[in-house]
Amino acid sequence: MPDFTAATQRARVRVPLRFQDGYRADAELVTFHGLADGLEHVAVVLGDPAPGTTPLVRLHSECLTGDVFGSARCDCGPQLREAVERIAERGGVLLYLRQEGRGIGLYNKLDAYALQDEGLDTYAANAALGLPEDARDYTAAAQMLAALGIGELDLLSNNPDKAEQLRTLGVSVKDRVPTGVFATPDNVRYLRAKVLQTQHTLPLGDLSKVSAG
């Protein structure tokens, strides 16, 4: 069995969500006591799964530049927008995890961007700074799911590591459902690096058609 303490729900509050493209969804935001890393992660509960169906869950790492400012250097903002709609339609939870820059923090992420501008890919830039390629640990996510009563789920993600970590932590991931592809000339190198370095399930052929010029 996984070796972590149980977390408990701290509070639930209804929050109507409104996006710039006009999409709207009603959500409940849930906070927690006892998360392993001590960070203020939030569960966004959306929709109502039909009886006997598996909830759709996304683990979304915080990205200030993409989620808030609409940065085109990554696909985080479009993935967040897509995930909210898909989960609301089916019923499930988006875990918004405070793991900026794959866990290295905002300032380090921006330092890595500067190195990417010199030609390094996103993983090599982290390594050049003496940082891990991906520092994320999903123990807190497993605690949040347990506190919400979710032991089995379909995972909305292109990242195989997320599914593997959740399974190791005792969560039953029935299926990994890929997100859409949100490629732009500004993020195509970033997306290609995710495919080549960490086996994200994105169509490499389609990404090769996007000009990075």
Side-chain angles (χ1 to χ4, degrees), residues 2 7-32 35 40-63 66-68 70 74-99 102 136 138-183 191 194-195 198-203 206:
T8 58
Q9 294 188 35
R10 175 181 174 275
R12 297 177 74 108
V13 60
R14 177 184 170 273
V15 177
L17 306 182
R18 305 291 182 263
F19 290 84
Q20 290 185 342
D21 63 0
Y23 176 73
R24 301 184 174 198
D26 286 329
E28 275 194 310
L29 269 57
V30 185
T31 58
F32 300 86
L35 296 179
E40 293 186 331
H41 307 300
V42 176
V44 184
V45 180
L46 295 152
D48 187 15
T53 62
T54 306
L56 185 62
V57 172
R58 174 162 176 79
L59 277 54
H60 186 91
S61 296
E62 177 182 43
C63 177
D67 296 342
V68 177
C74 64
D75 58 346
C76 302
Q79 281 189 327
L80 178 62
R81 165 65 182 81
E82 175 199 36
V84 168
E85 183 169 1
R86 291 178 68 176
I87 294 171
E89 288 174 351
R90 175 166 157 182
V93 181
L94 184 144
L95 301 185
Y96 196 83
L97 305 173
R98 313 303 296 274
Q99 300 171 329
R102 296 198 303 271
R136 290 174 293 183
Y138 298 109
T139 300
Q143 290 178 294
M144 295 163 75
L145 292 167
L148 293 168
I150 298 174
E152 184 176 74
L153 55 86
D154 286 341
L155 184 66
L156 182 61
S157 177
N158 299 321
N159 185 352
D161 182 58
K162 290 181 179 180
E164 290 169 10
Q165 283 203 43
L166 286 180
R167 290 182 176 120
T168 299
L169 291 162
V171 180
S172 175
V173 180
K174 290 184 61 180
D175 190 21
R176 183 162 60 86
V177 181
T179 72
V181 179
F182 304 101
L191 297 179
K194 291 204 293 185
V195 175
T198 50
Q199 292 73 56
H200 280 57
T201 48
L202 291 164
D206 289 353

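In what follows, every heavy atom counts, from backbone to side chain, and hydrogens, waters and symmetry copies are set aside.
- Formation of a donor-acceptor pair under 3.5 Å by the His60 side chain with backbone atoms of Tyr96 is not found in this model.
- Not one N or O on the side chain of Asp175 forms a donor-acceptor pair closer than 3.5 Å with the backbone of Val177.
- Between Val93 and Met144 the shortest side-chain heavy-atom distance does not fall below 4.5 Å.
- Between Asp161 and Arg136 there is no salt bridge, since no side-chain N of the basic residue sits under 4.0 Å from a carboxylate O of the acidic one.
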Let me see the working for Arg81 and Tyr23 under side chain to side chain contact (heavy atoms under 4.5 Å, CB included), right down to the final yes or no. CA-CA 9 Å; Arg81 165 65 182 81; Tyr23 176 73; 3.0 Å; yes
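- The heavy-atom pair separating Arg176 from Ser157 by the smallest distance is CG-O, 3.2 Å.
- Without hydrogens or angle criteria, Asn158 side chain to Thr179 main chain gives a donor-acceptor distance under 3.5 Å.
- Note that the CD atom of Gln99 and the NE2 atom of His41 stand 5.5 Å from one another [nearest 0.5 Å].
- Across Ala43 and Leu95, no two heavy atoms sit closer than the pair CB-CD2, 3.7 Å.
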Derivation of the side chain to side chain contact (heavy atoms under 4.5 Å, CB included) call for Glu40 and Thr31: CA-CA 7 Å; Glu40 293 186 331; Thr31 58; over 6 Å; no
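- The two residues Ala147 and Gln9 come nearest to each other via the heavy atoms O-NE2, 3.1 Å.
- Remark: side-chain polar atoms of Arg167 are paired, donor with acceptor, to backbone N or O of Val173 under 3.5 angstrom.
- Here Glu85 contributes atom CD and Leu46 contributes atom CG; the two are 11.0 Å apart, rounded to the nearest 0.5 Å.
- Put simply, SG on Cys74 and CZ on Arg102 are 10.5 Å apart, with the number rounded to the nearest 0.5 Å.
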Set out, in order, the CA-CA distance, both residues' side-chain angles and the distance that settles side chain to side chain donor-acceptor pair (under 3.5 Å) for Gln79 and Arg58, then state yes or no. CA-CA 10 Å; Gln79 281 189 327; Arg58 174 162 176 79; 3.0 Å; yes
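- Here Leu166 contributes atom CG and Leu145 contributes atom CG; the two are 6.5 Å apart, rounded to the nearest 0.5 Å.
- Here the straight-line distance linking atom CG of Asn159 with atom CD of Glu164 works out to 8.5 Å at 0.5 Å rounding.
- Here the shortest heavy-atom pairing between Ala163 and Leu155 reads N-CD2, 3.6 Å.
- Closest of all the heavy-atom pairs between Leu35 and Ala7 is CD2-CB, 3.8 Å.
- With hydrogens and angles ignored, the 3.5 Å screen pairs no side-chain donor or acceptor of Glu152 with any backbone N or O of Thr54.
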Hey, mind stepping through Leu97 and Tyr138 against side chain to side chain contact (heavy atoms under 4.5 Å, CB included) and telling me if it holds? CA-CA 9 Å; Leu97 305 173; Tyr138 298 109; 4.0 Å; yes
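- Residue Leu56 holds its CG atom at 5.0 Å from CZ of Arg90, rounded to the nearest 0.5 Å.
- With a 4.5 Å cut-off on side-chain heavy atoms, Val84 and Val44 do not count as touching.
- Between Arg86 and Gly180, the closest heavy-atom pair is NH1-N, 4.3 Å.
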For a side chain to side chain contact (heavy atoms under 4.5 Å, CB included) check, start with the C-alpha distance between Val45 and Arg12, then their side-chain angles and the critical distance, and finish with the verdict. CA-CA 10 Å; Val45 180; Arg12 297 177 74 108; 4.0 Å; yes
